[in-house]
There are 2 protein chains.
Amino acid sequence: MEKVTIKKLAEELNLSASTISRALQDSYQIGSQTKQRVLERAAQLNYVPNYHASGLRKKVSKTIAVVIPEVADSFFAQAINGIEAVAQDSGFHVLIYLTHESSAKEQAILKEFQNGRVDGVLLSITAETTHYNYIQELITRGIPLVLFDRVCEDMLTTKITTNDFESSYLATKHLMDCGCHSIALLSASNSLAISKNRLAGYKQALTDRGRHFKENIVVECSKIEGKNYLLIKELLSRPDRPDGIMATVEKQATSIYQVCRELNLPIPEKVKVVGFSNLQSAAYLNPALTTITQPAFAMGKAAATSLFKALKRTNGSIVAESQVLSSVLHVRDSTCRL
Amino acid sequence: MEKVTIKKLAEELNLSASTISRALQDSYQIGSQTKQRVLERAAQLNYVPNYHASGLRKKVSKTIAVVIPEVADSFFAQAINGIEAVAQDSGFHVLIYLTHESSAKEQAILKEFQNGRVDGVLLSITAETTHYNYIQELITRGIPLVLFDRVCEDMLTTKITTNDFESSYLATKHLMDCGCHSIALLSASNSLAISKNRLAGYKQALTDRGRHFKENIVVECSKIEGKNYLLIKELLSRPDRPDGIMATVEKQATSIYQVCRELNLPIPEKVKVVGFSNLQSAAYLNPALTTITQPAFAMGKAAATSLFKALKRTNGSIVAESQVLSSVLHVRDSTCRL
DNA sequence: GTGAAAGCGCTAACAT
DNA sequence: ATGTTAGCGCTTTCAC
């Protein structure tokens with residue numbers, strides 16, 4: 001069974017290659033009975049148009065890339081879901097890249113996107129990323145890029161985020177309402193805008209209640225597996241141990257539960273916990289985890305939708321049509337028993 | 001800033017296109033000082049080889065596809081992690097496709113892979129998939145395909161699975177050891193091999209203990225969101241309500257917890273639960289969930305590794321070098337309080 | 001060690 | 001409504 005190409009079809013049907021091509025694309029120039037014949041024969045011979053050939057010719061790939069720190073996180077898993085839904089609708093394919101919080105890896109990945117493999121990019125930057133020229137470069141070269149969740153604030157492109165300041169402000173206030181006097185903040189990074197916003201909301205809440213901010217109670221998380229557990233253990237072993245924790249990264253929550261169990265610190269009696277988390281099982285944890293839940297699926301959809309819009313514009317330019325979606329605070333037992 | 005191609009480089013350096021091409025590929029035919037010059041200038045001009053052009057010429061895409069039912073499941077998320085790790089090592093790119101348990105979608109996706117977009121495929125079939133000709137077809141056409149977790153048993157290709165029969169056997173015995181007399185099985189599908197194996201292990205365990213098998217206590221799950229909750233609620237509302245449940249799909253576990261809470265059926269006192277699950281938080285659920293945990297990351301790695309091996313063989317043929325990895329039973333409070 | 005030329009499979013002017 | 005031609009950017013014979 002040899003490869004079926006347009007040329008082959010052309011011979012078979014005594015037509016020219018261009019006629020075949022046009023018929024397959026349902027061009028208005030082609031007579032309907034000819035179309036019929038072509039389509040029929042193509043189906044019979046199981047003709048499949050060569051991806052690279054048309055891609056080379058048309059300079060499109062019908063592919064977008066999703067570049068994220070990791071997948072084993074409900075937020076990103078749900079976001080991918082949203083992205084994939086929109087992509088499948090638009091006939092686009094989705095490449096996944098995991099940076100594992102390595103800025104160098106991120107840079108290498110984006111750099112390669114100049115080769116025509118992808119038409120657009122959805123990016124959630126690493127906790128390490130501090131300079132953005134390689135991202136800007138990609139946009140300059142005509143590859144639309146939409147940032148989501150972990151964005152670079154000063155970049156001129158669409159950004160899909162959540163109301164991180166408010167969420168964090170609300171969560172911190174909630175912890176104080178529940179009686180916390182010393183609230184620790186587990187942060188993803190010192191440099192990420194999202195982290196800064198969450199930190200700012202946290203500080204504002206303290207200020208509004210006349211509390212003062214203690215530097216040493218903000219813990220920047222490590223990307224090294226297992227290291228966070230130790231950082232949390234250290235935090236909760238201090239003589240002036242905090243009585244509240246806000247974890248801004250999903251997976252920190254389980255580490256906190258683990259440490260509290262080991263140190264015999266009942267939640268919420270000794271330590272109250274709120275986590276930024278999209279875990280389906282949050283309500284069934286022991287104790288049920290109070291969460292800030294982001295609209296992950298919707299964010300994925302919004303980011304992808306915006307990207308495809310840019311892709312449809314002939315010039316491919318991205319109008320910065322950023323959106324801020326709202327997270328929801330779900331109060332559960334980890335902050336106050338009912 | 002105009003597009004830099006090999007042709008452009010050739011002009012700049014007064015060399016032919018072929019020389020440039022060879023130099024960039026570090027061909028032995030090219031003098032080292034020439035190579036130097038080419039590489040230098042290419043870097044200066046930020047030359048990036050066109051993906052479609054080389055793909056068309058060489059008939060490779062350096063891309064694999066991962067086709068799975070969903071991402072929002074720890075098993076698949078972890079598997080993707082493993083796959084991506086191997087792929088990045090080998091310089092391959094990873095496309096993700098979600099079938100959402102639709103066999104038709106799966107078929108459409110695989111069909112398109114005949115176009116040269118991917119060099120190989122990793123597949124975990126839908127619960128609906130019953131005929132496999134379109135999968136076999138792909139392999140026949142020279143696209144290596146490795147099945148993982150949800151495999152088609154009678155297909156001649158590499159299959160990466162876990163010891164589902166034994167795991168299920170073990171879990172069922174464990175439930176009986178904990179005092180269960182009537183154990184329900186929540187199954188993913190009646191047709192999937194993996195489900196059949198888990199069912200078989202379950203039945204065997206019953207038989208070995210002289211219990212007899214009741215048809216109506218096996219519930220086939222629906223792919224409709226929310227429907228499973230109702231099925232479980234019906235199950236646990238029966239007069240002859242089971243006192244044990246084995247959930248073979250991860251997300252069923254939270255539905256069970258929800259239903260038990262609503263019906264005021266304490267776990268494990270009234271109902272004991274074991275779930276096939278890779279949830280990181282299983283140990284922190286209320287009560288801690290007894291799980292069968294699959295080596296998801298390792299399975300992803302194994303599947304990808306096997307695929308790349310096939311890709312390296314010039315003929316691309318897949319030697320069926322299937323592997324069966326072992327799952328682990330983690331006994332926790334949902335089956336017996338310590 | 002380097003160049004010329006052909007062609008991967010498709011599409012899009014430009015004819016007619 | 002259909003055919004002719006050129007070319008996307010690269011690789012790879014084949015020649016020198």
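Chain letters run A, B, ... following the sequence lines, proteins first, then strands; residues in each count from 1. Here the structure is a predicted model, which is why all the values come from computation and not from measurement.
- Distances from the side chain of Thr5(A) to the nucleotides dG9(C), dG9(D), dT11(C) place dG9(C) closest.
- Among the nucleotides dG3(C), dG9(C), dA12(C), the one closest to the side chain of Leu15(B) is dG3(C).
- When distances are taken from the side chain of Gln29(A) to each of dT2(D), dT11(C), dC10(D), the shortest belongs to dT2(D).
- Across dG9(D), dC10(C), dT11(D), the shortest atom-to-atom separation from the side chain of Leu56(A) is found for dG9(D).
- Out of dT11(D), dT11(C), dC10(C), the shortest distance to the side chain of Gln25(B) is found at dT11(D).
- Contact annotation: Ser21(A) reaches the phosphate of dT11(C) (side-chain N/O to OP1 or OP2, under 4.0 Å).
- Checking the phosphate oxygens (OP1, OP2) of dT2(C), a side-chain nitrogen or oxygen of Thr34(B) falls inside 4.0 Å.
- At whole-Å resolution of the value, CD1 in Ile20(B) and P in dT12(D) are 16 Å apart.
- His52(A) has its NE2 atom 16 Å from the C1' atom of dG7(C), to the nearest Å.
- When each of dG9(C), dC8(D), dA12(C) is scored by its nearest atom to the side-chain atoms of Lys59(A), the top-ranked nucleotide is dC8(D).
- Counting heavy-atom neighbours within 6.0 Å of Lys301(B) NZ, excluding the residue itself, gives a total of 12 or less.
- Residues Phe113(B) and Tyr97(B) place their aromatic rings such that the two centres sit under 6.0 Å apart.
- Between the side chains of His93(A) and Gln88(A), no donor N or O sits under 3.5 Å from an acceptor N or O.
- We find that CG of Leu9(B) is positioned 15 Å from P of dT2(C), with the value rounded to whole Å.
- Side-chain proximity of Arg22(A) to the nucleotides dA4(C), dC10(D), dT4(D) is greatest for dT4(D).
- Map Val4(A) and Lys35(B) each onto its nearest nucleotide of DNA chain C; the residue landing nearer the 5' end is Lys35(B).
- Checking the phosphate oxygens (OP1, OP2) of dG3(C), a side-chain nitrogen or oxygen of Ser16(B) falls inside 4.0 Å.
- At a threshold of 4.0 angstrom between heavy atoms, the contacts of Asn14(A) are confined to the sugar-phosphate backbone, with no base atom among them.
- Rounded to an integer number of Å, the gap from Ile6(A) CD1 to dG9(C) P is 11 Å.
- Val146(B) places none of its side-chain heavy atoms less than 4.5 Å from the side chain of Val121(B).
- Remark: Lys7(B) does not engage Glu11(B) in a salt bridge, criterion side-chain N to carboxylate O under 4.0 Å.
- Rounded to a whole Å, the CG atom of Asn115(B) is 13 Å from the P atom of dG9(C).
- dC8(D) atom C1' lies 14 Å from atom CZ of Arg57(B), rounded to whole Å.
- Here dC10(D) presents its C1' atom at 17 Å from NZ of Lys8(B), a figure rounded to the nearest Å.
- If you check dA5(C), dT4(D), dC8(C) against the side chain of Ser18(B), the one that comes closest is dA5(C).
- Checking the phosphate oxygens (OP1, OP2) of dC10(C), a side-chain nitrogen or oxygen of Tyr47(A) falls inside 4.0 Å.
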Could you give me the CA-CA distance, side-chain angles and deciding distance for Ser18(B) and Ser21(B), then say whether side chain to side chain donor-acceptor pair (under 3.5 Å) is met? CA-CA 5 Å; Ser18(B) 41; Ser21(B) 175; over 6 Å; no
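- Rounding to whole angstrom units, NZ of residue Lys3(B) and C1' of dC8(D) are separated by 10 Å.
- Look at Thr19(B) and you'll find a side-chain N or O under 4.0 angstrom from OP1 or OP2 of dG3(C).
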